[in-house]
Amino acid sequence: MPKVNIIGAGPSGIACAMQLARFGLDVDIFEKNKLGGLLNNANLVENYLGFPNGITGTDLIKLFQKQMEKYPNIKLIKENVIEIKQNKNFLIKTPKNHYFSDFLVIATGTIPKKTEFENNNDFKKYIYYEIKNFPKCKDKKIAIVGAGDAAFDYAVNLSKNNEIIILNRSNNIRAINLLAQKCKKTASISYKKNEPVKSIEKYKNGLLINNKFGVDFVIFAIGRLPEDTLINKDLADNPACYIIGDVKNGMCRQTSVAVGDGLKAAMEIYETIG
């Protein structure tokens with residue numbers, strides 16, 4: 001049977017791998033970071049079918065991983081893909097090895113938008129863009145910059161043990177009302193509108209924002225960009241290459257959408273083989 005390589009082990013990549021494995025194909029799935037993609041940042045997933053009370057992102061990832069481990073023909077490779085070449089088949093290069101496949105699925109997801117403040121080396125250990133790698137802490141003061149779902153979800157997640165300030169550059173909240181109301185009702189979360197981050201200075205054991213907010217950490221949740229550095233026009237035009245999930249779905253970054261993308265790609269690959 002043909003071989004399929006998948007780059008990215010988020011919901012779309014995992015769903016694609018499992019469906020292909022059910023068809024009897026051998027699949028290598030590459031992941032340089034934690035399994036699960038953006039679910040690692042999710043405090044509570046409330047719109048994924050089958051969980052009427054919601055489920056934390058980390059718990060959902062554990063279920064995905066447990067289900068994927070049922071298929072011995074799926075091999076998870078914890079290596080960073082640095083280059084893709086194509087001729088009659090696909091060549092995937094990592095710093096350690098070369099891998100070949102007949103079909104390629106790119107499910108690389110997104111990366112956070114960065115800010116110019118991180119260019120200052122004195123600030124780097126205090127500035128974050130996601131909470132999946134955020135240090136476990138208690139009784140800290142944390143500023144979260146942003147007004148979308150991610151910013152408000154991070155606030156709810158971290159407010160259990162810390163004091164949170166949400167800084168919105170305008171008065172427009174883009175997060176869904178459910179998240180906004182949760183933050184409003186949480187005593188350890190304060191919300192500041194019309195507060196763009198104009199300055200950051202070193203302050204005591206943390207940072208001083210706009211000369212008035214002294215905090216231990218800052219998390220910038222100011223948007224995300226497709227992680228498409230591996231994708232060129234030749235790959236995008238190759239019928240044996242499938243680009244799925246958040247890397248192509250713009251603002252539709254939902255687990256259900258990503259899973260559907262993965263299933264669809266797997267079925268199309270199998271149909272092509274048949």
Side-chain angles (χ1 to χ4, degrees), residues 1-40 48 50 57-110 226-249 255-274:
M1 295 289 284
K3 177 73 177 289
V4 183
N5 283 344
I6 300 173
I7 305 174
S12 60
I14 292 172
C16 187
M18 286 196 292
Q19 185 64 27
L20 289 168
R22 292 182 67 233
F23 288 139
L25 277 72
D26 289 331
V27 182
D28 286 350
I29 183 167
F30 295 80
E31 179 53 64
K32 63 181 178 180
N33 297 313
K34 294 180 180 179
L35 196 82
L38 280 184
L39 283 176
N40 286 287
Y48 193 70
T58 52
D59 284 344
L60 189 54
I61 291 169
K62 289 176 184 176
L63 292 174
F64 285 174
Q65 185 170 8
K66 184 177 180 180
Q67 189 172 355
M68 188 173 70
E69 289 171 351
K70 291 173 54 180
Y71 299 97
N73 46 338
I74 298 176
K75 182 180 180 182
L76 178 62
I77 299 175
K78 298 288 289 182
E79 295 178 24
N80 179 28
V81 176
I82 57 175
E83 188 179 2
I84 302 169
K85 291 192 173 183
Q86 55 182 333
N87 192 2
K88 291 182 179 179
N89 52 19
F90 296 98
L91 166 63
I92 288 180
K93 292 184 178 183
T94 75
K96 296 180 179 180
N97 295 297
H98 291 177
Y99 301 86
F100 294 90
S101 68
D102 302 284
F103 291 88
L104 179 66
V105 179
I106 299 177
T108 43
T110 60
E227 175 57 292
D228 56 3
T229 52
L230 293 170
I231 303 171
N232 57 39
K233 186 177 186 303
D234 289 339
L235 272 178
D237 291 341
N238 191 324
C241 177
Y242 294 78
I243 301 169
I244 65 173
D246 289 357
V247 71
K248 73 171 183 63
N249 284 337
T255 303
S256 298
V257 176
V259 168
D261 260 9
L263 290 171
K264 182 181 178 184
M267 295 177 75
E268 289 179 355
I269 290 170
Y270 189 65
E271 182 69 21
T272 300
I273 295 169

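- Crowding of M267 atom CE: a count of heavy atoms from other residues, nucleotides or ligands under 6.0 Å not exceeding 12.
- Put simply, the side chain of V81 reaches to within 4.5 Å of the side chain of L230, judged on heavy atoms.
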Legend entry - Verdict with supporting geometry, F90 and D102, side chain to side chain contact (heavy atoms under 4.5 Å, CB included): CA-CA 6 Å; F90 296 98; D102 302 284; over 6 Å; no

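- Under 3.5 Å, the side chains of D234 and Q86 contain no donor-acceptor pair of N or O atoms.
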Inset, instruction - Please test I82 against N80 for side chain to side chain contact (heavy atoms under 4.5 Å, CB included), starting from the C-alpha separation and ending with a verdict. - result: CA-CA 6 Å; I82 57 175; N80 179 28; 3.8 Å; yes

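- Within the structure, salt bridge (Lys or Arg N to Asp or Glu O under 4.0 Å) pairs that include any residue of residues 258-274 comprise K248-D261 (at least two apart or interchain).
- Contact of the V4 side chain with the V105 side chain is registered, since non-hydrogen atoms from C-beta on lie closer than 4.5 Å.
- Among pairs with a residue in residues 8-19, none fulfils salt bridge (Lys or Arg N to Asp or Glu O under 4.0 Å), at least two apart in sequence or across chains.
- When side chains are defined from C-beta on, L104 counts as touching I92, because their heavy atoms get closer than 4.5 Å.
- Scanning for salt bridge (charged side-chain N to carboxylate O under 4.0 Å, His left out) contacts around K70 gives an empty result, with sequence neighbours left out.
- Evaluation of the salt bridge (charged side-chain N to carboxylate O under 4.0 Å, His left out) rule for K75 yields no partner, not counting sequence neighbours.
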Without placing hydrogens or testing angles, list every side-chain donor-acceptor pair under 3.5 Å for residues 30-38, not counting sequence neighbours.
residue : atom : partner : partner atom : Å
E31     : OE1  : A9      : N            : 2.8
E31     : OE2  : N33     : N            : 2.8
K34     : NZ   : K132    : O            : 2.8

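- Residue pairs meeting the side-chain hydrogen bond (donor to acceptor under 3.5 Å, both in side chains) criterion with at least one member in residues 14-26, sequence neighbours excluded: Q19-R22.
- Residues N5 and F103 have side chains not in contact (no heavy-atom distance under 4.5 Å, counting atoms from C-beta outward).
- Residues D59 and I61 are not in side-chain contact: their nearest non-hydrogen atoms beyond the backbone lie 4.5 Å or more apart.
- Screening residues 9-19 for salt bridge (Lys or Arg N to Asp or Glu O under 4.0 Å), with sequence neighbours left out, gives no hits.
- Atoms CD and CG, from Q65 and L60 in turn, are 12.0 Å apart once rounded to the nearest 0.5 Å.
- In this structure, the separation between CG on D246 and OG1 on T110 is 5.5 Å, given to the nearest 0.5 Å.
- Side-chain contact check for V27 versus Y71: every heavy-atom pair is 4.5 Å or farther apart.
- I84 is not listed as a side-chain neighbour of N232, based on a closest heavy-atom distance of 4.5 Å or more.
- Judged as a side-chain contact (heavy atoms from CB on, under 4.5 Å), and not counting sequence neighbours, the contacts of L91 are K85, K93, H98, F100.
- A search for side chain to side chain donor-acceptor pair (under 3.5 Å) contacts involving N87 returns nothing, not counting sequence neighbours.
- Residues forming a side chain to side chain donor-acceptor pair (under 3.5 Å) with D28 (at least two apart in sequence, or on another chain): K3.
- Between L20 and N73 the shortest side-chain heavy-atom distance does not fall below 4.5 Å.
- Put simply, CD1 on I269 and SG on C16 are 5.0 Å apart, with the number rounded to the nearest 0.5 Å.
- Qualifying side chain to side chain donor-acceptor pair (under 3.5 Å) partners for Y48, counting only residues two or more places apart in sequence or in other chains: none.
- Shown here are the salt bridge (charged side-chain N to carboxylate O under 4.0 Å, His left out) partners of D228, two or more places apart in sequence or in another chain: there are none.
- Distance alone, capped at 3.5 Å, is enough to place a donor-acceptor pair between the T108 side chain and the E227 backbone.
- For the residue pair E79 / T94, a side-chain donor-acceptor distance below 3.5 Å is found, with atom types taken as modelled.
- Taking CD1 of I6 as the start and CG of L76 as the end, the distance is 11.0 Å to the nearest 0.5 Å.
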Inset, instruction - Show the numbers, then the answer: is there a side chain to side chain contact (heavy atoms under 4.5 Å, CB included) between C241 and I106? - result: CA-CA 7 Å; C241 177; I106 299 177; 3.9 Å; yes

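- Rounded to the nearest 0.5 Å, atoms NZ (K96) and CD1 (I77) are 10.5 Å apart.
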